[in-house]
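Heads up: the structure comes next, in structure tokens.
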Amino acid sequence: MVNVTINNRQVEVEEGSTILEAARKLNIEIPTLCFLKGINEVGDCRMCVVEVEGMRGMTPACITKVRDGMVVHTATPKVLEARSVVLDLILSNHDRKCLTCTRNGNCELQRLAQEFNVDEIEFDGERVEKKIDDLSPSIVRDNNKCILCRRCVAACKNVQGIGAIDCAGRGFSSSISTYKDLSLNDVNCTFCGQCIEACPVGALKEKDSTKDVWKALRDEDKYVVVQTAPAVRVGLGEEFGMEIGTNVAGKMVTALRLLGFDKVFDTNTGADFTIVEEGTEFIERATNGGTLPMITSCSPGWVRYMELNYPELIPHLSTCKSPHQMFGAIVKSWYAEKMGIDPSKIYMVSVMPCIAKKFERTRDDMQGTGFDDVDAVITTRELARMIKQAHIEFTGLEDSGFDDPMGEATGAAAIFGTTGGVMEAALRTVAEKVTGKTFDKLDYEAVRGEQGIKRASINLDGKEVKVVVASGLKNAQTILEEIKAGKADYQFVEIMACPGGCVMGGGQPIRSSKDRATIDIRSKRAGALYTIDEASTLRKSHENPVLQAIYKDYLGEAGGHKAHELLHTSYVAREKYKLED
Amino acid sequence: MKSLEEIKKIREEKRAELDLRVNTASNSREKHILVCHGTGCTSSKSPKIIENLRRIIEEKNVENVRVVQTGCFGLCAKGPIVIIRPEDVFYSLVKPEDAEEIIEKHIIGGEIVERLLCKDVDNSVVKKLDDLSFYKKQKRIALKNCGVIDPENIDEYIAFDGYKALEKVLFEMSPDDVIKTITDSGLRGRGGAGFPTGKKWEFTKIAEGDQKYVVCNADEGDPGAFMDRSILEGDPHCVVEAMMIAGYTIGANKGYIYVRAEYPIAVHRFQIAIDQAREYGILGENIWGSGFSFDLEIRLGAGAFVCGEETALLESIEGRRGQPRLKPPFPANAGLFQKPTLINNVETYANITKIILNGADWYASIGTEGSKGTKVFALGGNVVNTGLVEVPMGTTLREIVFDIGGGIPNGRKFKAAQTGGPSGGCITEENIDTPIDYESLKAIGSMMGSGGLIVMDDSKCMVNLAKFYLGFTVDESCGKCTPCRVGTKRLLEILERITEGKGEEGDIEKLEKLSRNIKNASVCGLGQTAPNPVESTIKFFRHEYEEHIKEGKCRAGECKALMNLWIDPEKCKGCGLCKRNCPANCITGEVKQPHVIDTSKCIKCGTCITKCPFHAISNK
């Protein structure tokens, strides 16, 4: 432990702490902008400069480590002037179109401008108009708002190991760019959206689909069905100021009805389908000498990563569609038939914690019924925006339940939203299918938790199954390299593109740098999912009565012909860079 | 591979053979024609001179004469330079077609080619290099071999005590002895900041690490500076040897020299030096059986100014975008590949061998209290003798500009000199007698810098000067931190506005506020010093800023938008030259009557000023 004096107050902090951390312990606020704990620790923006006695010039509090006896001043007139000039300079090169920005109200720059009482830009000057990249189905990149903090670059390169974006050019001409400034659509971007989560301003955002959904809702000819992914219900509340990790499923369903959706279904039902299909596929591969290890395919960012970087390993990928695509296919086939609705009139909306799902929807071989399985994907954030737009007082809503018959889901499906959840759900089903027995112990602790790579050996009635769970694409790369090198001694792998799984997906509420440094957001959101699981009466996917009925009356065998037609898909090798001839 | 004994033998034999290079009293029958092959003379066709000389010697079958390409002699204004040894005859402004006459008349006929002799500032014709006022106050330590040896020939380097310091260090000195010698010598970093070299070596020596590195910063990037370039071009082995001594001292077996690719001659010669040193077994494993191993590699830089900042340089060597790192940790503890690393610039290394051989006391006897030894300057701008000069620390700016530099040409007045390039500040008439050393320059608001020294006469506008340097910094900012990336651009924009006559009340205060905060908040030395030219010109020439803003006037006449051309009727003889040459047809007047400019039509091109034989036209 070391003793530090900040603004004449003493504090004892652990060795290796930064000035910022020490100051926070004293409730002394130091503004930051480029800092993102564990991801972007570079001290570039200079918003957090402080004076340290005995040190020349000013130093950034976010990355300067404390020394015993260090004397720090965080709010001298000199420091305050430097920060306000820095902020002024950033604003002078920013488009300042707050009113029409998706981050209005949740923008770190806007907040600083407010805190610093900015009423004019003192050092205004040239600002180069930059072109907006909105060609991809998932991400819009608007460099006119970019403040070059490089949090996105760090998330893409350091966390995900992709490096689709980096800083190009020098000095005032610096910009965050892709290879040859191509659209994100034409480079090795996986659409995981971690860059959006990292962005303090509105330079990166999801491709908006709310307008399409509003249009469908207004169209009397359309039968608009909505489904919501497990992670959405534990994230949405944050957009309305609720505690992180609050399960707002009931209010969410009520809000969706108020928005005018004809049916409000639960993607969790789709997740149960995925488990049954994936479990069957795994057993089939394991018993008939199929390609192992088998890797899950519910995370479209991950699937795209595989197609871009390891096309030779595609046979390892489960052919199962992700839950919401399966669900869309079931709604447009079995449900449409049962209810006597023309499937061409059904408009299927998925509410997802994910922006890669927007891309996934547009993939080939995602039209199980001949129609698109899903017609629009909106993120948790977009749903919140729609609710606000409709002036629904979310926090005061009554709870209500999903519509029958496809509102029924198991606890196994709920935990899909966190890393290890798909594996755990699959093991619950596989264990019983393989052994023919019923198990009471359902918690597979070994695959839970925050580590990027978890390895476990599961004993299924004397049979050893080795599994790996990885989240974050950098960790996925480690696993793929093992498989490629023939060093994989495991049979079943779960991979999620986003570190921590869907609860931390690129479509989830964006938390500030300070929240990310001081709150364990992942645990709180994931914890809420585990609570849902524990409270469920049904906790194994194959026990879902709706599923059982649909298989019996309509699909036939799991993994059978019809199931394949509707619930499975195929993959393609993708070029990393699409250059014009 | 050569043993130490063989090296010693080469030294002895070669030294005798090359005695005529440094001894005017030599009775050698041979003559050496030294031709400058530095960058300046090379671009004025010195390679062609060498080619012609050699061809004519062969054609005429002249014996006992050798043509030698050397590094820079220093007096670039008079290049290409050819010197005949041992008699030390100094030919200037030589053209390739002069080769024949030099051979015919001088070498064969024994007669001096008078027309090629150099005219000194006082118009006297000077025969010998040493008689030129340009050289009189100089002391060549770092440049000792430049202009003496053929930089592409290791034997010539060995002849003049080359690799003798290395031998002394390896067999007679412990690393601590070396550090003590360097520390006692008082040598400070010549890259600009002036950090005590001995201390830097000591920090790197005591830093713990399984691998250490020695790095040479040859990323000289100040506009107008060519000190390091000239050393590498003229005496590359002295840097190789010094880096080896540094490696032995700090415990490194690997060195990198980071040179900008736009210095092709320096790169070429340094590579030759490395190759020759390897061939002789001077670089390699277990050198001369000492147990010390060392090897050296060149890393080319793409010409980014910021890569002269030591941590950005390390990033670049490692293959990343050249951007500075946060300090601490300093390179001495976590440098190249995060290993303890010693970084010095070329000129610093160029002093090392001499200090080792002549002793700390000798070196410490040169210079001032806090700044020992000499400093090399690239003297440029409005001065008669532009070129490369090396002077003892403590020499005044007046001595450099007037005694060595020969003063201001075209009868104009000295206005200011800029040291430290874009990171430095200007020195005005009132401070011209300040002795040049690290502290004194800092005290008057400038800095030593790496050695760029630009002299300005009264035709230079100081606002425009600040604009020029800021334009450079804006181009060279890496873009990493906000104050430098956006702040320097905003400074430039304000300066542009002022020089375009669009300055506003409050602009000076804006410049001051912005400068202060860019300095305080930037990550690296580039940003921290970028506002210096603005601050120093405001400090010394605030009235010029005010004139631009309030009166719309540029007294130097450099800011075109503010030009207000006027013909002095007292001086005008009515010759009509201005009228005939005016592209805007805005000058009127009868023959032999004073002419008048219609300022509403004037495009301020300045043609009339240059055409007027009576200096009657000026900026009002």
Side-chain angles (χ1 to χ4, degrees), chain A residues 18 33-34 41-52 55-60 62-65 67 76-94 121-128 147-150 153 157 166-176, chain B residues 193 302-307 312 320-329 470-497 506-507 509-530:
Chain A
T18 61
L33 207 44
C34 68
E41 299 185 351
V42 290
D44 283 350
C45 75
R46 317 306 278 182
M47 270 318 297
C48 71
V49 287
V50 294
E51 284 189 278
V52 174
M55 252 172 118
R56 203 163 46 102
M58 294 184 187
T59 191
C62 67
I63 51 167
T64 306
K65 302 263 196 290
R67 273 178 289 102
T76 61
K78 201 171 151 189
V79 163
L80 296 182
E81 185 185 81
R83 285 185 196 150
S84 73
V85 168
V86 165
L87 180 63
D88 190 283
L89 292 172
I90 292 172
L91 289 169
S92 78
N93 198 27
H94 179 77
I121 308 301
E122 190 177 358
F123 300 107
D124 216 353
E126 184 193 339
R127 212 174 55 74
V128 185
I147 56 167
L148 287 158
C149 70
R150 307 183 200 196
V153 172
K157 188 156 62 178
D166 209 330
C167 190
R170 294 154 52 83
F172 191 72
S173 315
S174 301
S175 67
I176 303 303
Chain B
F305 181 61
V306 73
C307 289
R320 282 191 293 274
R321 185 182 161 94
Q323 294 188 156
R325 300 175 183 168
L326 180 84
K327 290 191 279 192
L470 259 294
F472 177 83
T473 336
V474 167
D475 273 350
E476 294 297 342
S477 166
C478 76
K480 182 176 155 86
C481 72
T482 315
C484 180
R485 182 184 67 238
V486 192
T488 56
K489 170 78 175 168
R490 298 297 177 237
L491 278 181
L492 177 63
E493 286 170 347
I494 298 171
L495 292 167
E496 281 171 345
R497 227 171 48 214
D507 273 350
E509 290 71 22
K510 265 190 172 181
L511 288 171
E512 286 172 327
K513 180 176 178 185
L514 198 44
S515 295
R516 178 167 73 235
N517 287 291
I518 294 171
K519 289 175 84 164
N520 281 339
S522 288
V523 169
C524 80
L526 195 153
Q528 286 160 8
T529 59

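Both backbone and side-chain heavy atoms feed into the values below; hydrogens, waters and symmetry mates do not. Computed from a prediction, not measured in an experiment: that's the story for all the values here. Every chain is numbered from 1 and lettered A, B, ... according to where its sequence line falls, protein lines coming before strand lines.
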Can you tell which part of A/M47 gets under 4.5 Å to a heavy atom of chain B, answering side chain, backbone, both or neither? neither
Contact leader toward chain B among A/R83, A/R46, A/E51, where contacts are heavy-atom pairs under 4.5 Å: A/R46
With rounding to the nearest 0.5 angstrom, report the CG to NZ distance, A/L148 to B/K480. 12.5 Å
Check whether A/R150 gets within reach of chain B through its side chain, its backbone, both or neither, counting any heavy atom under 4.5 Å. side chain
How many angstroms lie between atom OG1 of B/T482 and atom CG of A/L33, to the nearest 0.5 angstrom? 7.5 Å
Using 0.5 Å steps for rounding, measure from the SG atom of B/C478 to the CG atom of A/D44. 8.0 Å
Measure A/D166 against the heavy atoms of chain B and call it side chain, backbone, both or neither at under 4.5 Å. neither
When heavy-atom pairs shorter than 4.5 Å are enumerated against chain B, which of A/S92, A/C34, A/S84 gives the highest number? A/S92
Any chance you could measure A/S173, atom OG, to B/R485, atom CZ, to the nearest 0.5 Å? 11.0 Å
Would you compute the distance between atom SG of A/C167 and atom CZ of B/R321 and round it to the nearest 0.5 angstrom? 4.0 Å
On a heavy-atom basis, which atom in B/P483 and which in A/C45 lie closest, and how many Å separate them? CD-O, 4.4 Å
Kindly check if the number of other-residue, nucleotide or ligand heavy atoms within 6.0 Å of CZ (A/R56) is above 12? no
Side chain from CB out, backbone as N, CA, C, O: work out which of these in B/P328 comes under 4.5 Å of a heavy atom of chain A, or both, or neither. side chain
Sort out for me which of A/D88, A/V49, A/N93 touches chain B most, counting heavy-atom pairs under 4.5 Å. A/N93
Below 4.5 Å from any heavy atom of chain B, which atoms of A/V86 appear? Answer side chain, backbone, both or neither. both
Chain A heavy atoms under 4.5 Å from B/T473: which part of the residue, side chain, backbone, both or neither? neither
Using heavy-atom distances under 4.5 Å, tell me whether B/L514 contacts chain A through its side chain, its backbone, both, or neither. both
So for B/K489, is it side chain, backbone, both, or neither that comes closer than 4.5 Å to the heavy atoms of chain A? side chain
How many angstroms lie between atom CZ of A/F123 and atom CG of B/N517, to the nearest 0.5 angstrom? 7.5 Å
Sequence neighbours left out, what passes ring-ring contact (aromatic ring centres under 6.0 Å, His included) with B/F305? Give chain and number order. B/F472
Does any heavy atom of chain B fall under 4.5 Å from the side chain of A/I63, the backbone, both, or neither of them? both
Among A/G57, A/G43, A/G169, residue most engaged with chain B (heavy-atom pairs, under 4.5 Å): A/G169
For B/E476, which atoms come within 4.5 Å of any heavy atom of chain A: side chain, backbone, both, or neither? both
B/A304 to A/R170 - nearest heavy-atom pair and separation: CB-NH1, 3.1 Å
Pairs where residues 512-522 of chain B contributes a residue and the test salt bridge (Lys or Arg N to Asp or Glu O under 4.0 Å) is met, not counting sequence neighbours: A/E81-B/R516, A/E122-B/K513, B/E512-B/R542, B/K519-B/E535
With a 4.5 Å limit on heavy-atom distance, are the side chains of B/L326 and A/E41 in contact? no
